[in-house]
2 protein chains.
Amino acid sequence: MATKTKITIQDIAEKLNITASTVSRALNNNPRISEETRKAVLKAAKQLNYQPNNIAAALRNGKSHIIGVIVPTADRTFFASVVRGIEEIANKLNYKVIICQTYDSYEKEVQTIDALLSARVDGIIASIGKNTENFSHYKKVLASGLPLVLFDRTTDQLDVSQVGINDYLASYKIVEHLIKEGCTRIAHFTSPKKISIFRERLRGYTDALQDNGIPFDENLVISSNLQLEGGRQSMEKLFEAGELPDAIFSASDYGAMGAMQVLKERGVAIPDRVALAGFSNEPFTSFTDPPLTTVDQLSLTMGNITAELFFEQFKLKDKKFVPQRTVLMPEIIIRKSSLKKG
Amino acid sequence: MATKTKITIQDIAEKLNITASTVSRALNNNPRISEETRKAVLKAAKQLNYQPNNIAAALRNGKSHIIGVIVPTADRTFFASVVRGIEEIANKLNYKVIICQTYDSYEKEVQTIDALLSARVDGIIASIGKNTENFSHYKKVLASGLPLVLFDRTTDQLDVSQVGINDYLASYKIVEHLIKEGCTRIAHFTSPKKISIFRERLRGYTDALQDNGIPFDENLVISSNLQLEGGRQSMEKLFEAGELPDAIFSASDYGAMGAMQVLKERGVAIPDRVALAGFSNEPFTSFTDPPLTTVDQLSLTMGNITAELFFEQFKLKDKKFVPQRTVLMPEIIIRKSSLKKG
DNA sequence: TTTCTTTGTGCAAACGTTTGCATAAAAAAT
DNA sequence: ATTTTTTATGCAAACGTTTGCACAAAGAAA
C-alpha cells in the first residue's frame, strides 16, 4: 500500500512497454494518442498511485501555475476577502495561489517579491504596503516580464493594471450624507501615509465640504495609524482641542470604533451629539451599538475583478497590453451611527 | 536594463570562465569554494541580475521549500490569525506557505490535497473541513511520507500530530461561570457536524451542568450551522419552544451574535433576562452591545505552535517520530453579556 | 626529493517532465 | 500495386540546478 518509491511516468511507461513520451501525452490529453493507450495509461497511473510532479513540469514548461499574492496582512477581513475573490477565479483556471504578508514592512515587501520571483510564480497580484514609497522592486517584476496587477493600495508611479474603488466618491457621499443629517463641523481621521486611498478620501471630504459651503478647518483633520488605538488617540485630541465636532468621518472602521469607544466612555451620545462614520464595512460594524455607517469596498468583487484582469493580461503574454485601471463604485452603508434625524 | 533572457548560473560561469558547479557552490556558501571566487560570483550575479530558479533546485533536491496550509476559509479571523502564526515561523525558516481554502467542501479538500501533492509541497498543515468524515486523502499524505500536522479541527481517526485547544475545559468554565451568575436553565447552540471541537464543547457543557446539580434538558441543545443565521434560527426555536432559558452558550460567536440580534429585536434584556456567551473571541465580540463573553482560542499561538511542531517533525525526516498532541488552555473572556450580578 | 594532505575546481549525471522531429504501420488515394 | 496521407509512437534534448567523484595544484610532512 505504502508508496515504495516515487512513481514517475517512466514507471508507467515500463509497465505498459511504451515510452515516457507517450505516457506524458496520454496524461495531457494529446490528440495524437490512441484512445486505447490513453485508457491503459490512465488505468496504470491509478494502479501505481501515480502523483504528477508539477515541479518537473514547471521546469520544463517555464510555467509554475502558481501566482503570488502580496497583501499587507491576511488577517484583516478586507484583504482576506479579496484574496478569496482572487482564489475563486484562479482555482477555476487551475492556478494555485501563494499568499504573502508584508505586515506593511517595506523590507519584507522587497524580500517577498524576490522570493516569489525565485519561486518562479507566473505573475503577481499585490496591494502595496503603507510604508512603501520606492517601487523599484515592483519594476523588477515588470522587467522580468511577469504580469503584475495591483489592487486597493495602488500607485501612479507604476504603469500597471490596477483595481481600486472610487475612494473619492465614496468619501464625498459619506460627507454629503453627514451634511444632510445636519452636521456642519465634521472631523476627518486620516493617515499620514502616502497611499492614494487616504489622499483620495481626504479629497472627497474637502470637496464635499466646499461644495456645500462649509469652510475647511485643518484642525478637524487628524492623522493617525487609523487602528483602534489611533482612533482613540485622535478622539482624545479632539476632546483636548475644545469644542467637539458634530460628526466624525474616519477613513477606517477601526479608527471610527476607537472614537466610538472614547465617546461612549465620556458619555457623549452617538449620533445625537456626534455622528460617526467609518470606511471598509468590517464585519464588526454591523454589530456595534449603534451600528456604524460605513463604506462597503466590494472586497470579494474586487478580488474577482483583479484576478480576471490578471489572467486577461496573462493570456496576452507579451507587451501588447495596455495597463487598465478599473474603479469600482463602493456602496455607502448608512446605519444608526450617523442618523441624527431618526 | 531589461533582462534580455533569463540569466542562469551557466551565464555567470561563462562570464567568469569557471563552471556552473562552482557557481552553484559559491552561491550556496559551500566551504570548498575560495573566498575570492565566491566574491567574484556574487558580484557577477548581481551585475547580471541573476534570479535563482527555485523550481530547478526543487526538482534536483526533491524539496520545494513550500508547505501547504489547508483551512476551511481564510477570511475568518481565527483561521487568518492561525495562518499568520504559521507563516511567522515558516518564513523564519525560509519556507513559503501556500494557503488553500476548502470552503468546508469535502470534494474541494480532496482536490486540494491532490494539488498540493502534485505541487510537491514539503508538508501539509491542515484544519479539517466540517463535512469531512472520510480521511483517506489525509492518509494518502501520510503514505507519501510527508509531514502532516492538524490544528483546531482535528480527529482521532488519524495518527498525526495535532494542536488544539481544550474545548472541553473552556466550555466547562464558561458554563460554570454562567451558573455562578445564577443561571439554571442554560441553552447550548451546537453543530450537527462530527468535528471533535463541537462534541467537546457539548461535553464540557453537560459535565458542568451535572457537576453543579443542574438537570440536562435536551430541548435546550440546539443544532445549526452556527453562523449568524443559524444563531438567529436557533434563538427563534427557543422562543417557539415556550419559556426562555436564562442563559445561552453558543459554540460560536456568530451563533451568539445571531441570538443577541433576535433577543434585542424582541426586547429581551441581555444579560438581565438572558445571559449570553460565545466561543472564539472574534474581533467583533468586544464591540457588541453588550460586549460578548467568549473564549479566546489563542489563534496566533496556535499557529506558532503548529508550525513549530511541523518543523520539528520535519527535521526528523523518517518515521522515527511519535505523533504529538498539544492542547492549549484557552482563556475565558468575561464581558458584560454574561454578568447578571453587575 | 618524494609522498601525503589539503584546497579548489571541473565533469557529468540526475531530478521528472515535455515536445520537435523522425518514423513505422495503417489507411486512403491513385 | 504504388504513392500519399494519416495515425500513433519513439528518440533525444532541454528546462536549471546540485552533487559525488575525480583530479590538478599547492602545501605539508617525510
Side-chain angles (χ1 to χ4, degrees), chain A residues 3-42 44-45 48-66 94 117-122 144-145, chain B residues 3-42 44-45 48-66 94 117-122 144-145:
Chain A
T3 321
K4 305 261 170 203
T5 170
K6 283 284 172 216
I7 301 296
T8 73
I9 54 173
Q10 309 280 358
D11 299 318
I12 300 181
E14 278 171 30
K15 171 162 180 156
L16 299 177
N17 271 317
I18 54 180
T19 66
S21 329
T22 305
V23 175
S24 170
R25 284 191 259 252
L27 292 174
N28 290 313
N29 290 316
N30 184 310
R32 301 189 62 82
I33 295 297
S34 74
E35 217 31 58
E36 196 184 6
T37 339
R38 190 189 317 281
K39 290 262 173 62
V41 167
L42 258 38
L48 294 176
N49 224 308
Y50 170 69
Q51 189 80 45
N53 185 329
N54 288 352
I55 299 233
L59 176 58
R60 167 65 218 228
N61 295 331
K63 296 259 145 264
S64 62
H65 265 236
I66 293 179
N94 239 305
L117 288 178
S118 288
R120 288 298 194 265
V121 293
D122 287 347
S144 76
Chain B
T3 321
K4 304 262 168 205
T5 170
K6 284 285 174 214
I7 300 297
T8 74
I9 55 173
Q10 309 280 359
D11 299 318
I12 300 180
E14 278 170 29
K15 172 162 178 156
L16 299 176
N17 270 316
I18 55 181
T19 68
S21 330
T22 305
V23 175
S24 170
R25 284 191 258 252
L27 292 174
N28 291 313
N29 290 318
N30 184 311
R32 301 187 64 79
I33 295 297
S34 73
E35 216 33 59
E36 197 184 5
T37 337
R38 189 188 319 281
K39 290 263 172 61
V41 167
L42 258 39
L48 294 176
N49 225 306
Y50 169 68
Q51 189 82 44
N53 186 328
N54 288 352
I55 299 235
L59 176 59
R60 166 66 218 225
N61 296 329
K63 295 259 145 264
S64 62
H65 265 238
I66 293 180
N94 241 305
L117 289 178
S118 287
R120 287 299 195 266
V121 293
D122 288 348
S144 76

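Proteins come first, then strands; the chains are lettered A, B, ... in the order of their sequence lines, and each starts at number 1.
In this structure, the side chain of A/Asn61 engages the main chain of A/Ala57 through a donor-acceptor pair within 3.5 Å.
With contacts defined as side-chain heavy-atom distances shorter than 4.5 Å, the pair A/Arg120/B/Asn53 qualifies. Two residues are said to be in side-chain contact when any heavy atoms from C-beta on lie closer than 4.5 Å; B/Arg38 and B/Asn29 meet this criterion.
When distances run from any side-chain atom of A/Thr37 to the nucleotides C/dT18, D/dA8, D/dG16, the shortest one goes to D/dA8. Distances were taken from every side-chain heavy atom of B/Asn61 (C-beta onward) to each of D/dT9, C/dG16, D/dT18; the shortest belongs to D/dT18.
B/Tyr50 pairs in a side chain to side chain contact (heavy atoms under 4.5 Å, CB included) with only one of the listed residues (B/Leu27, B/Asp11, B/Leu42), which is B/Leu27.
The interatomic distance linking A/Arg60 (CZ) with C/dT17 (P) rounds to 13 Å, in whole Å. For A/Ile12 and D/dT9, the CD1 to C1' distance is 16 Å, given to the nearest whole Å. The interatomic distance linking B/Arg32 (CZ) with D/dT18 (C1') rounds to 15 Å, in whole Å. The distance from atom CD of B/Gln51 to atom P of D/dG16 is 13 Å, rounded to the nearest whole Å. As a whole-Å value, the separation of B/Glu36 CD from D/dA26 P is 13 Å. When the P atom of C/dC15 is taken as reference, atom CG of A/Asp11 falls 11 Å away, rounded to whole Å. Regarding B/Ile33, its CD1 atom lies at a distance of 12 Å from the P atom of D/dT18, rounded to whole Å. Put simply, CD on A/Glu35 is 17 Å from C1' on D/dT6, counting in whole angstrom units.
In terms of phosphate contacts, A/Thr19 brings a side-chain nitrogen or oxygen within less than 4.0 Å of OP1 or OP2 of D/dG10.
Residue B/Gly62 comes nearest to B/Asp122 through the heavy atom pair O-OD1, 4.4 Å, listed as atom of the first residue, atom of the second, then distance.
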### Task
Report the C-alpha separation of A/Gln51 and B/Ser144 in whole Å, then their side-chain angles, then the decisive distance to 0.1 Å, and conclude whether the side-chain hydrogen bond (donor to acceptor under 3.5 Å, both in side chains) test is met.
CA-CA 10 Å; A/Gln51 189 80 45; B/Ser144 76; over 6 Å; no
### Query
For A/Ser34 and A/Thr37, what are the C-alpha separation, side-chain angles and deciding distance, and is it a side-chain hydrogen bond (donor to acceptor under 3.5 Å, both in side chains)?
CA-CA 5 Å; A/Ser34 74; A/Thr37 339; 2.3 Å; yes
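Within residues 20-29 of chain B, the residues approached by DNA chain C to less than 4.0 Å at the level of any non-hydrogen atom are B/Ser21, B/Thr22, B/Arg25, in residue-number order.
Using a 4.0 Å heavy-atom criterion, one finds that A/Ile55 contacts no nucleic acid atom at all.
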